[in-house]
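Report on the following structure.
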Amino acid sequence: MQSSQLELAPTIPNFLVKLLSRTVLGPPPFPKEPIMLPDTNDIMATGRYYAVAAYDCYNCHSADFKTNSSLEPEKSEGYFAGGNPLLNLEGEVVYSANITPDPETGIGNWTEEQFLQAVKYGKKQDGSSLRYPMLTHTVLPDKEIQEIYAYLRTVPAIHNEVKR
Ligand code: HEC
């Protein structure tokens, strides 16, 4: 017997799920145009491109997947203000962090270097590590992380204390 191979039973949607997805729900919206890399001399535009389109930071870091707007991300509830209930590998809830420029509840007081350490290596100022599902991004060039930082300083500051 091959015990090393885990066989997963195929997922079979039941009648109600099929009915709903063919009637009420429909397919999720999808961008109609390809998302192009913006002018790379424009730091804000490339920062937004990485944070929103390429690495999907906004999706976890806005209030809730249910209220995120994939077609108009800026219209997502609590854009970058955290509080999205996510699960760690033990199935426990870990809320995403507020990364708007709010000085008290966001990262308004963070330096670019602190931000880089957190995003690249998951390292916080106090020496602790960021928890899953926040991943490390060691393959990202520093320049991209710096551009994300520059862009995030321009999004509206939202005061939202996230339970950690
Ligand atoms: C899969 C969901 C997810 C994605 C995608 C994600 N994050 Fe996070 N992020 C989190 C969670 C959850 C935390 C809080 C971790 C904790 O409390 O230990 C966090 C924490 C952070 C922090 C630390 C803030 C603080 O106050 O401690 C920063 C900075 C950050 N993320 C930036 C980013 C950037 C930039 C991206 C995109 C490159 C990104 N995150 C993508 C889930 C995510």
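Both ligands and their constituent atoms are indexed starting at 1 by order of listing. Side chains are part of it too, since the values below use all heavy atoms of this structure and drop only hydrogens, waters and symmetry mates.
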| Single-linkage hydrophobic cluster, 4.5 Å side-chain cutoff, Val162 and Met134 together | no
| query | Going by distance alone, is a donor N or O of one side chain under 3.5 Å from an acceptor N or O of the other, for Asp102 and Thr100? | reply | no
| request: Please report the closest heavy-atom contact between Cys60 and Asn84, naming both atoms and the distance. | output: O-CB, 3.1 Å
Check ligand 1 for N or O atoms under 3.5 Å from a protein N or O and list each pair with its distance.
residue: ligand 1; atom: 7 (N); partner: His61; partner atom: NE2; Å: 2.8
residue: ligand 1; atom: 9 (N); partner: His61; partner atom: NE2; Å: 2.9
residue: ligand 1; atom: 17 (O); partner: Arg131; partner atom: NH2; Å: 2.8
residue: ligand 1; atom: 17 (O); partner: Arg164; partner atom: NE; Å: 3.0
residue: ligand 1; atom: 17 (O); partner: Arg164; partner atom: NH2; Å: 3.0
residue: ligand 1; atom: 18 (O); partner: Arg131; partner atom: N; Å: 2.8
residue: ligand 1; atom: 18 (O); partner: Arg131; partner atom: NE; Å: 2.9
residue: ligand 1; atom: 26 (O); partner: Arg164; partner atom: NH1; Å: 3.3
residue: ligand 1; atom: 27 (O); partner: Lys124; partner atom: NZ; Å: 3.4
residue: ligand 1; atom: 27 (O); partner: Arg164; partner atom: NH2; Å: 3.0
residue: ligand 1; atom: 31 (N); partner: His61; partner atom: NE2; Å: 2.9
residue: ligand 1; atom: 40 (N); partner: His61; partner atom: NE2; Å: 2.8

| query | Is the closest side-chain donor-acceptor distance between Asn160 and Asn98 under 3.5 Å? | reply | no
| query | Side chains of Lys124 and Ser129: do they bring a donor and an acceptor to under 3.5 Å? | reply | no
| request: Specify whether Tyr58 and Phe80 have parallel, tilted or perpendicular ring planes, treating 30° as the upper limit for parallel and 60° as the lower limit for perpendicular. | output: perpendicular
